[in-house]
Amino acid sequence: MRNSARPLGCARPARLVGALLCLAVAVVHVVDQGGFPGSKAPRYVAFLFYALEAAGVLAAVLVLARAVRPGWFLAMGVAAGPIAGYVLSRGPGLPDYSSDIGNWTEPLGLLSLAVEGLLLVLSVSCWWSVVRRR
């Protein structure tokens, strides 16, 4: 018999969607950097892309492996980090990285924001349901 009090954070469909969104964030950023290892400059931006891609894969694995508390927490970062990077890189710019200033309507960037927004809403909701249960 199924436990009806089981939180959304542990439900298989939510974990599957969350894992797919984490992987989608990673794939979008691999495409944006021109493949792997890519050609983002300055070098710190390239390293941030690599870290995000690795974190997206790790978060997907954790969520699917039922390590939902750390998985959803990491997924929140996988979603929120690039949203912040998008705003900073298109707004004031980043040190030695000004090529995207004002480029708010880049199609890949908008796709990335949509995926990250969905992931952020799902991961916050699922993480919170897991935390409240304990």
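Everything numeric in this text was worked out from a predicted model, so none of it was measured.
Here the shortest heavy-atom pairing between T105 and L110 reads O-CD1, 3.7 Å. Annotation for V28 and S112: closest pair CG1-CB, 3.7 Å, computed over non-hydrogen atoms. Residues V115 and A24 approach most closely at CG1-CB, 3.8 Å, considering heavy atoms. Minimum heavy-atom separation, A59 to A75: CB-N, 3.9 Å. Contact between L94 and S89 at its shortest, heavy atoms only, is CD1-CB, 4.1 Å. A46 and K40 make their closest contact through CB-O, 3.6 Å (heavy atoms, listed as atom of the first residue, atom of the second, distance).
Checked by atom type and distance alone, the side chain of Y86 pairs as donor or acceptor with a backbone atom of W104 at under 3.5 Å. Put simply, the side chain of S125 never gets that close to the backbone of V121: no donor and acceptor are under 3.5 Å apart. A donor-acceptor distance shorter than 3.5 angstrom exists from the side chain of Q33 to the backbone of G35, with no hydrogens or angles considered. Using modelled atom types, no side-chain atom of R90 and backbone atom of D100 make a donor-acceptor pair closer than 3.5 Å.
One distance of note links CG of L52 with CD of E116; it measures 7.5 Å at 0.5 Å rounding. Summarising the geometry, atom CG belonging to L88 is positioned 12.0 Å from atom CD1 belonging to I83; distances are rounded to the nearest 0.5 Å. Distance check: R12 CZ to L64 CG gives 10.5 Å after rounding to the nearest 0.5 Å. Taking CG of L20 as the start and CZ of R15 as the end, the distance is 12.5 Å to the nearest 0.5 Å.
Neither L118 nor V57 shares a network with the other; the hydrophobic side chains, linked directly or stepwise wherever heavy atoms of I, L, V, M, F, W or Y lie under 4.5 Å apart, form separate groups for each. A continuous path of hydrophobic side-chain contacts links L113 to V17 [ILVMFWY only; heavy atoms under 4.5 Å]. When hydrophobic clusters are built by joining Ile, Leu, Val, Met, Phe, Trp and Tyr residues whose side-chain heavy atoms come closer than 4.5 Å, directly or via intermediates, V68 is not grouped with V61. V124 and V130 fall within the same hydrophobic cluster, where Ile, Leu, Val, Met, Phe, Trp and Tyr residues are linked whenever their side-chain heavy atoms come under 4.5 Å apart, directly or through other members. Hydrophobic cluster membership is shared by V78 and L120, with clusters built from Ile, Leu, Val, Met, Phe, Trp and Tyr side chains linked at under 4.5 angstrom.
In this structure, the ring of Y44 has its center no less than 6.0 angstrom from the ring center of Y97.
In this structure, W128 and C126 have side chains that are not in contact, with every pair of non-hydrogen atoms separated by 4.5 Å or more. Taking 4.5 Å as the limit, some side-chain heavy atom of D32 sits within range of a side-chain heavy atom of F49. Looking at V63 and C22, their side chains never come closer than 4.5 Å, going by heavy atoms from C-beta outward.
Under the 6.0 Å distance and 45° angle rule, R69 does not count as a cation-pi partner of F73.
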(request) Any chance you could lay out the side-chain contact (heavy atoms from CB on, under 4.5 Å) test for L122 and W72, step after step, and finish with the verdict? (result) CA-CA 9 Å; L122 178 64; W72 286 126; 4.0 Å; yes
